[in-house]
Amino acid sequence: MIIVRYSSNILGKEEKKVKHGGKRKGAGRPKGQGKFGEPTKAVRLPISMIQSVLKYIDNKTYQRIPLYSSKVAAGFPSPADDHIEGHLDLNEYLVKHPSSTFFVRVTGDSMVEANIHENDILVVDRSLTPTHGKVVVAAVDGQLTVKRLHMKDNKLTLLPANSEFAPIIVDENNEVYIWGIVTNVIHAVG
């Protein structure tokens with residue numbers, strides 16, 4: 001902080017400016033030194049986020065992965081281009097609304113025909129409006145489930161994507177909360 005004081009100018013004398021504190025020549029750490037090898041900037045963070053931000057910074061494996069402009073043929077092979085389209089940050093690609101997005105792991109196989117399998121990770125966005133045909137994570141009478149939302153004639157049904165499972169027909173006796181819309185599914189290729 002810089003404090004500036006002015007002397008009184010009663011006799012018409014020149015004002016005297018006195019500075020205390022502030023930047024001094026040669027003081028402080030030289031630029032480009034320290035842990036990051038470049039200039040740094042102080043930022044304000046909520047206390048609750050400090051550990052996750054430090055973990056993110058210390059994560060030596062974080063990388064923006066190259067995204068190639070050529071597509072991979074799933075039919076007949078085609079010559080590949082060596083052109084990088086850009087870099088892909090999966091956080092940016094998968095999470096459109098960070099403050100309202102969460103991940104949840106799947107158990108069971110009621111959605112296999114929608115390509116949602118045991119141990120897949122669902123990316124769920126709570127900010128999106130549940131509409132007919134969307135895959136949702138819902139709590140039905142206190143139990144979490146992932147199903148396709150079916151709304152017709154003011155009736156709500158949660159449809160499985162596996163013919164071996166029955167639909168969940170919701171009526172006034174059920175307590176149902178739609179937790180969010182499934183936007184992406186992450187699963188390993190086996």
Side-chain angles (χ1 to χ4, degrees), residues 1-3 19-69 72 84-112 114-131 133-149 158 160-161 168 174-190:
M1 177 198 281
I2 298 175
I3 300 172
K19 290 185 180 182
H20 297 279
K23 187 174 180 179
R24 296 178 313 279
K25 187 174 183 168
R29 181 180 295 159
K31 289 183 180 181
Q33 301 236 337
K35 180 177 180 179
F36 301 103
E38 61 183 275
T40 59
K41 178 180 180 182
V43 295
R44 294 175 60 107
L45 293 172
I47 291 174
S48 64
M49 294 180 65
I50 291 174
Q51 288 304 316
S52 59
V53 169
L54 290 174
K55 184 177 178 183
Y56 179 79
I57 290 171
D58 287 339
N59 183 359
K60 305 296 184 210
T61 62
Y62 169 75
Q63 296 181 30
R64 292 175 61 91
I65 309 298
L67 174 64
Y68 288 89
S69 59
V72 176
I84 294 178
E85 179 180 321
H87 289 85
L88 180 64
D89 178 347
L90 289 178
N91 291 308
E92 293 173 7
Y93 184 75
L94 296 175
V95 179
K96 302 300 182 217
H97 306 105
S99 63
S100 60
T101 299
F102 66 93
F103 301 106
V104 64
R105 191 172 296 277
V106 175
T107 184
D109 56 358
S110 70
M111 295 298 288
V112 292
N115 207 21
I116 298 174
H117 303 277
E118 177 91 21
N119 287 322
D120 285 355
I121 296 173
L122 303 179
V123 181
V124 184
D125 191 334
R126 295 186 68 141
S127 70
L128 301 176
T129 303
T131 57
K134 295 290 185 182
V135 175
V136 299
V137 171
V140 180
D141 298 326
Q143 299 293 314
L144 283 179
T145 187
V146 57
K147 299 286 184 279
R148 190 167 303 277
L149 185 63
L158 297 171
I168 299 171
N174 298 110
E175 184 178 55
V176 177
Y177 295 100
I178 305 295
W179 277 32
I181 307 296
V182 176
T183 58
N184 291 283
V185 180
I186 303 169
H187 66 263
V189 177

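The structure displayed is predicted, hence computed values, not measured ones.
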Identify the residue among I181, L149, I116 that makes a side-chain contact (heavy atoms from CB on, under 4.5 Å) with V135.
I116
So, using side chain to side chain contact (heavy atoms under 4.5 Å, CB included) as the criterion, who are the partners of T101 when residues are at least two apart?
V95, H97, V123, D125
Of the non-hydrogen atoms in [X] and [Y], which two are nearest, and what is the gap between them?
X    : Y    : answer
A114 : A161 : N-CB, 3.6 Å
K96  : E92  : NZ-O, 3.4 Å
V146 : M111 : O-CG, 3.3 Å

For the CZ atom on F102, are there more than 12 heavy atoms of other groups (residues, nucleotides or ligands in this structure) within a distance under 6.0 Å?
yes
Are side-chain heavy atoms of [X] and [Y] found at a separation under 4.5 Å?
X    : Y    : answer
R105 : N119 : yes
V185 : N115 : no
K147 : I168 : yes

In Å and rounded to the nearest 0.5 Å, what is the [atom1] to [atom2] distance from [X] to [Y]?
X    : Y    : atom1 : atom2 : answer
T107 : H117 : OG1   : NE2   : 14.0 Å
L94  : F103 : CG    : CZ    : 6.5 Å
T131 : I178 : OG1   : CD1   : 10.5 Å

For G133, is there any backbone N or O sitting under 3.5 Å from a side-chain donor or acceptor partner on R148?
yes
Donor-acceptor check, side chain of E118 to backbone of G108, threshold 3.5 angstrom: yes or no?
yes
